[in-house]
Amino acid sequence: MCPSRVSVATASPPPALAPAAPRALLDYARPGDTVHFSEMFRLVRGTGHILDVLDVLHRDRLALRIHDGAFSAMDLTARHPRTGELLSTVKFMAQTLAAAGELQRDLQRELTYDGLRAAKAKGSKGGRRPAVPADKTGDVRTAYLEGRSIAA
């Protein structure tokens, strides 16, 4: 069966559920739809956020399909047949995997900042090297403003 509507998120979401892409996507989805994400961290940011998202999905009767990563093999919308509550094992696994992802992101951020500080201490300013050497920028700018061809 071919879906009647497809929405593609092109950026990571903000920390809260209400803003931007995830909220718009969840408003757009109809009961019975399956919401697809390439990885869980495109939808949520951490442990505090994940259960809120799962509750919204359940409330709106939406299925969730994660295509890559640790969450791809889990049914994150599994509920207890009598109480309708999120299964304890699902809560545990979701929170544990979200905590691991949060830790990974925090470590990556720390290592990036450490690397930037070390480079700055060595005198490196960061960023791309100029495509045109500093001594030729005046000539290139003049040629551009005069409408002449600029060789690479």
Side-chain angles (χ1 to χ4, degrees), residues 1-77 90-152:
M1 181 171 134
C2 185
S4 59
R5 300 186 298 175
V6 175
S7 177
V8 178
T10 57
S12 295
L17 178 62
R23 182 73 257 161
L25 175 64
L26 294 175
D27 288 342
Y28 183 75
R30 298 172 292 207
D33 283 354
T34 299
V35 180
H36 294 259
F37 278 87
S38 60
E39 57 185 12
M40 189 63 164
F41 297 107
R42 293 279 179 193
L43 176 63
V44 299
R45 280 296 181 208
T47 55
H49 191 212
I50 193 165
L51 294 179
D52 294 339
V53 170
L54 294 178
D55 284 341
V56 168
L57 292 169
H58 177 68
R59 181 197 69 210
D60 295 347
R61 297 192 321 266
L62 300 171
L64 176 64
R65 174 75 170 93
I66 306 297
H67 292 273
D68 194 22
F71 290 96
S72 62
M74 294 177 60
D75 178 7
L76 295 169
T77 55
V90 172
K91 277 186 191 177
F92 173 76
M93 288 303 297
Q95 288 176 317
T96 302
L97 293 171
E102 202 171 330
L103 173 66
Q104 178 185 5
R105 250 189 340 276
D106 290 346
L107 290 173
Q108 187 174 18
R109 187 179 307 118
E110 288 173 18
L111 291 171
T112 299
Y113 289 144
D114 290 347
L116 290 171
R117 277 193 293 275
K120 188 175 182 178
K122 285 186 196 176
S124 176
K125 67 176 186 173
R128 279 179 32 173
R129 289 191 176 94
V132 178
D135 59 332
K136 293 188 178 186
T137 55
D139 296 339
V140 171
R141 183 175 288 118
T142 302
Y144 173 76
L145 292 173
E146 292 173 356
R148 291 185 284 142
S149 176
I150 303 169

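Atom CZ of R109 is separated from atom CG of L111 by 11.5 Å, given to the nearest 0.5 angstrom. Between atom CG of residue L57 and atom CG of residue D33 there is a gap of 11.5 Å, rounded to the nearest 0.5 Å. Note: R65 CZ to F37 CZ = 13.5 Å, rounded to the nearest 0.5 Å. Distance check, rounded to the nearest 0.5 Å: CD of E102 to CG of L97 gives 12.5 Å.
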Yes or no on side chain to side chain contact (heavy atoms under 4.5 Å, CB included) for D114 and R117, after CA distance, side-chain angles and deciding distance?
-> CA-CA 5 Å; D114 290 347; R117 277 193 293 275; 2.6 Å; yes

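The minimum heavy-atom distance between L62 and R30, with the atom names listed, is CD2-O, 3.0 Å. Residues V35 and A29 come closest through the heavy atom pair CG2-CB, 4.4 Å. The nearest pair of heavy atoms linking L64 to L54 is CD2-CD2, 4.2 Å.
Crowding of R105 atom CZ: a count of heavy atoms from other residues, nucleotides or ligands under 6.0 Å exceeding 12. Counting non-hydrogen atoms of other residues, nucleotides and ligands closer than 6.0 Å to CD of E146 gives a total above 12.
Under a 3.5 Å cut-off, the side chain of D139 and the backbone N or O of K136 do not form any donor-acceptor pair.
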